[in-house]
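Chain identifiers are assigned alphabetically (A, B, ...) following the order of the sequence lines, protein sequences preceding nucleic acid strands; residue numbering begins at 1 within each chain. Keep in mind that this is a model prediction, so the values were computed, not measured.
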Protein chains: 2
Amino acid sequence: MKQKPTLKVIAKELDVSVSTVSKALRDSKEIGEETKKKVKAFAKLYNYRPNNIALSLKNKKTKTLGVIIPEIVHHFFTTVISGIEHYANDKGYNVIVGLSNESFKKEVINLEMLANGSIDGFIISVAKETLSFKDFHHFSETIDQGIPIVMFDRVIDDIECDKVIVDDVKTSEKAVQKLIDGGCKNIGIISTKDYVNVGRLRTEGYKNTLNANHIKIQNSRILKIDDKFNSDDNLEFLEEQIYTYFEENEVDGLFTVNELYAITAMKVARQKGLTIPDDLQVIGFTDGVLSRHAYPSLTTISQHGFEMGEESAKLLIDRLENPNEEEELFKTIVVKTDIIDRETTKLRNPKK
Amino acid sequence: MKQKPTLKVIAKELDVSVSTVSKALRDSKEIGEETKKKVKAFAKLYNYRPNNIALSLKNKKTKTLGVIIPEIVHHFFTTVISGIEHYANDKGYNVIVGLSNESFKKEVINLEMLANGSIDGFIISVAKETLSFKDFHHFSETIDQGIPIVMFDRVIDDIECDKVIVDDVKTSEKAVQKLIDGGCKNIGIISTKDYVNVGRLRTEGYKNTLNANHIKIQNSRILKIDDKFNSDDNLEFLEEQIYTYFEENEVDGLFTVNELYAITAMKVARQKGLTIPDDLQVIGFTDGVLSRHAYPSLTTISQHGFEMGEESAKLLIDRLENPNEEEELFKTIVVKTDIIDRETTKLRNPKK
DNA sequence: CCTTGCAGCTACAACGTTTTCGTGTTGATA
DNA sequence: TATCAACACGAAAACGTTGTAGCTGCAAGG
């Protein structure tokens, strides 16, 4: 086991000073050709790599991004991470991942754990619990310390920072309109409680479209699932709620704010003897593995998570590398969405 | 925007030395009660947190684990990451994620990018390309530099390091036996090319069980998918191969080495008019979202990814914190597997 | 009165870099 | 011969922290 060589040991070995070695390796013109060649050869031989930590300390930047998400076992978030990784790696940045598990406390801990100089900036999707508590001090404090934050998907309006979102309202309008155009008369929505902004906005789009089509809104057709900050073993709970929903509502079109709700609803519908898409058409949000491989395969809205990740990373790195340029001018990037036509809807959209 | 306070500014402000501040905060008995109280109050007020980077440099350890996996958009890997995160966070470690995308080159780059002092050790699942090239120099060099590696799932026998695996052979034997017990006469397997060790081992188990039951092995019933180092848009390719497979083989029982193969096979089987599980029983490997929400829901083998992650992190952190104790005595932990009975098999196992 | 001990604090080195500012040697120029 | 620039290199500081060793003043013991 040979230890990593440092400038110091190279210097001693070659009987020159540390500064000379450093400069030689960086090809400074202060150093003679001879010496440069000698040093470089030696460095190569011993596989010298500058110590990142020392560089971080000196430069006061770590070239590392902190990503804090509610959950990693979730297709949307992993595609976003892929996007972040892709862009960040390209720019020479590393990505360090923190999981909040939808918990406020874990989010705070993760933030603090990383805000000690370990990372240059954050990319965050806010935990449900945090959204429900409405306690955002950890974000403002972090920003106050000069550490920039980019929020994506689950963002907080009151926090001033860069954001990457989809146009939830418009997208949901498109989806519901599609159901209407496909012949649905009684359209329902399965959403989340209102403190989750994306749920609220998507519900808003649903209502807008009904209004625009002069269809009366029936509140019983709006199911707001409270998934208690964890999406693990509450599958039965979810099924129950949806079962009751179907008991009380006769719908022929259904829009859900994520794919799990859609898949589960299809399962329940099947139990009740409905066929899809003949008796019931379904559109989900977020294009994940479930949608693609469901039977019948689910028509969904693609959020383009990969792009969202890339945009988030770009926003953050731009801000890191061009500080106080356009200071305090925070951007919100709206990533476009697409409806992916599959088997749970009748109408095919020829126009992309 | 207030900058992070350092020991130095606290010292200056309080008109004591830096060492005094440091010691006061660490409750050293060298410092008088008065001074301690004063310093602590001040530190609290200004929300002082020791700079992690400086500590890392001094202690020569970063309290950060590097995880390099082939892909993150994959349920198994994300559950493993969850497990790693869980254990690591508990022990005060951070997790930095690198994606190889099944590419040898990216794996090497990621390793080098992190081996510069950024992390204390690695947890790795090897890229398919690396397995096929059989070029493992980057691993041995890393270990040689004193950076420990733990490999999980896709491991390399020739590299001496800690490993966390499932007993692929035994597990696959169990699964195939279950198909036999469930009345299947013609059992096939969809696996990967042999350079992927897990694929090879699972195929081995399949053969073992057929032999043990005096069933003749037919090579045409063994389909080895070559997914070309990426699992993205080769879905049609996969479907094609499976379609041909079904054309050439009449099977009533199918074991696949992952859930995607199983789901796809079910889809193709359905197209060919087979009903599941009446005409065809299926068991997959890796319990993911697909299996649970498929229709019919898929009987699978649970690899307990979360546990594998925890075990990997434990192995690594143990080694980091107790160096040269049991030096060179590498462990291989075999995590148990379970068959999760669902709707694609006929026989229900009452015994867990 | 001189040592010894101790409490309470400070100075300094070290971790590995980079960078600024020397400094000595050469050769050319006035 | 004195001056000066160019060249090749070294010393030292800095990033923020901790641990060791050293320093001061005071009280107790001989």
Side-chain angles (χ1 to χ4, degrees), chain A residues 3-40 42-43 46-64 92 114-120 145-147, chain B residues 3-40 42-43 46-64 92 114-120 145-147:
Chain A
Q3 279 299 338
K4 290 233 80 174
T6 67
L7 290 185
K8 207 198 281 190
V9 320
I10 299 184
K12 194 178 290 174
E13 213 69 27
L14 259 47
D15 210 35
V16 291
S17 81
V18 174
S19 351
T20 305
V21 179
S22 172
K23 288 171 186 164
L25 291 175
R26 328 199 91 241
D27 235 344
S28 158
K29 53 189 166 308
E30 287 182 56
I31 306 298
E33 282 307 320
E34 287 294 292
T35 321
K36 275 194 206 172
K37 218 173 276 178
K38 194 176 62 179
V39 171
K40 283 182 183 170
F42 194 92
Y46 284 88
N47 195 32
Y48 169 79
R49 298 259 178 279
N51 181 309
N52 236 310
I53 296 293
L55 286 180
S56 297
L57 182 59
K58 186 137 208 358
N59 302 332
K60 289 169 152 271
K61 48 176 75 170
T62 60
K63 289 238 153 199
T64 303
L114 296 176
N116 294 293
S118 306
I119 54 99
D120 295 341
Q145 275 171 24
I147 304 177
Chain B
Q3 280 299 338
K4 292 233 79 175
T6 66
L7 290 185
K8 207 198 279 187
V9 319
I10 298 184
K12 195 178 289 174
E13 213 71 27
L14 260 44
D15 210 36
V16 292
S17 80
V18 174
S19 344
T20 305
V21 179
S22 170
K23 287 173 182 158
L25 291 174
R26 326 201 93 239
D27 237 344
S28 158
K29 52 189 165 305
E30 289 182 55
I31 307 296
E33 281 307 319
E34 287 295 289
T35 320
K36 274 193 204 171
K37 220 175 272 178
K38 195 175 61 178
V39 171
K40 282 182 184 172
F42 195 91
Y46 284 87
N47 195 31
Y48 169 80
R49 298 259 177 279
N51 181 309
N52 235 310
I53 298 293
L55 286 179
S56 298
L57 182 59
K58 186 140 208 356
N59 304 331
K60 291 171 152 267
K61 50 175 74 170
T62 61
K63 289 235 150 201
T64 302
L114 296 176
N116 295 294
S118 305
I119 52 100
D120 294 341
Q145 276 172 22
I147 304 177

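The residue L55(B) sits close only to the backbone: its heavy atoms come under 4.0 Å of sugar-phosphate atoms, none of a base. Counting non-hydrogen atoms under 4.0 angstrom, T6(A) reaches the backbone sugars and phosphates but no base.
The phosphate of dA8(D) (OP1 or OP2) has no side-chain N or O of T35(A) nearer than 4.0 angstrom. Side-chain N/O atoms of S17(A) include none lying less than 4.0 angstrom from OP1 or OP2 on dC9(D). For K60(A) and dG16(D), the shortest distance from a side-chain N or O to OP1 or OP2 is below 4.0 Å.
Bracketed by its first and final contacts, the part of DNA chain C lying under 4.0 Å from non-hydrogen atoms of chain B reaches from dG8(C) to dG16(C) in 5' to 3' order.
Heavy-atom neighbours of K40(A) NZ from other residues, nucleotides or ligands within 6.0 Å: above the threshold of 12. Atom CG of D15(B) has 12 or fewer neighbouring heavy atoms from other residues, nucleotides or ligands inside a 6.0 Å radius.
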Reading nucleotides 20-28 of chain D from 5' to 3' and marking B where a protein heavy atom lies under 4.0 Å of the base, S where only the sugar-phosphate is that close, and - otherwise, the string is BB-------

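E34(A) places its CD atom 16 Å from the P atom of dC7(D), with the value rounded to the nearest Å. Rounded to a whole Å, the CG atom of L7(B) is 12 Å from the P atom of dG19(D). To the nearest angstrom, C1' of dG16(D) lies 12 Å from CG of N116(A). Between the CZ atom of R26(B) and the C1' atom of dG16(D) there is a distance of 13 Å, given to the nearest Å. One atom, CD1 of I31(B), and another, C1' of dT18(D), lie 13 Å apart when rounded to the nearest Å. Rounding to whole angstrom units, NZ of residue K58(B) and P of dC15(D) are separated by 17 Å. Spacing between atom NZ of K4(B) and atom P of dC15(D) amounts to 17 Å, rounded to whole angstrom units. Taking atom CD of residue E33(A) and atom P of nucleotide dC7(D), one finds them 12 Å apart after rounding to whole Å.
In this structure, the side chains of I53(A) and T62(B) come closer than 4.5 Å at one or more pairs of heavy atoms.
Contact between P5(B) and Y48(B) at its shortest, heavy atoms only, is O-CD1, 3.3 Å. Taking every heavy atom of both residues into account, N116(A) and R49(B) meet most closely at OD1-CB, 2.8 Å. Among all heavy-atom pairs drawn from L7(A) and S22(A), the shortest one is CD1-CB, 3.8 Å. The minimum heavy-atom distance linking K8(B) with V18(B) is given by the pair CA-CG2, 4.1 Å.
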Would you sort out whether N51(A) and K4(A) count as a side-chain contact (heavy atoms from CB on, under 4.5 Å), showing the intermediate values? CA-CA 9 Å; N51(A) 181 309; K4(A) 290 233 80 174; over 6 Å; no

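Closest-nucleotide positions on DNA chain D for A54(B) and V16(A) were compared, and the one nearer the 5' end corresponds to V16(A).
Looking only at distances, a side-chain donor or acceptor of K36(B) sits under 3.5 Å from a matching main-chain atom of S28(B).
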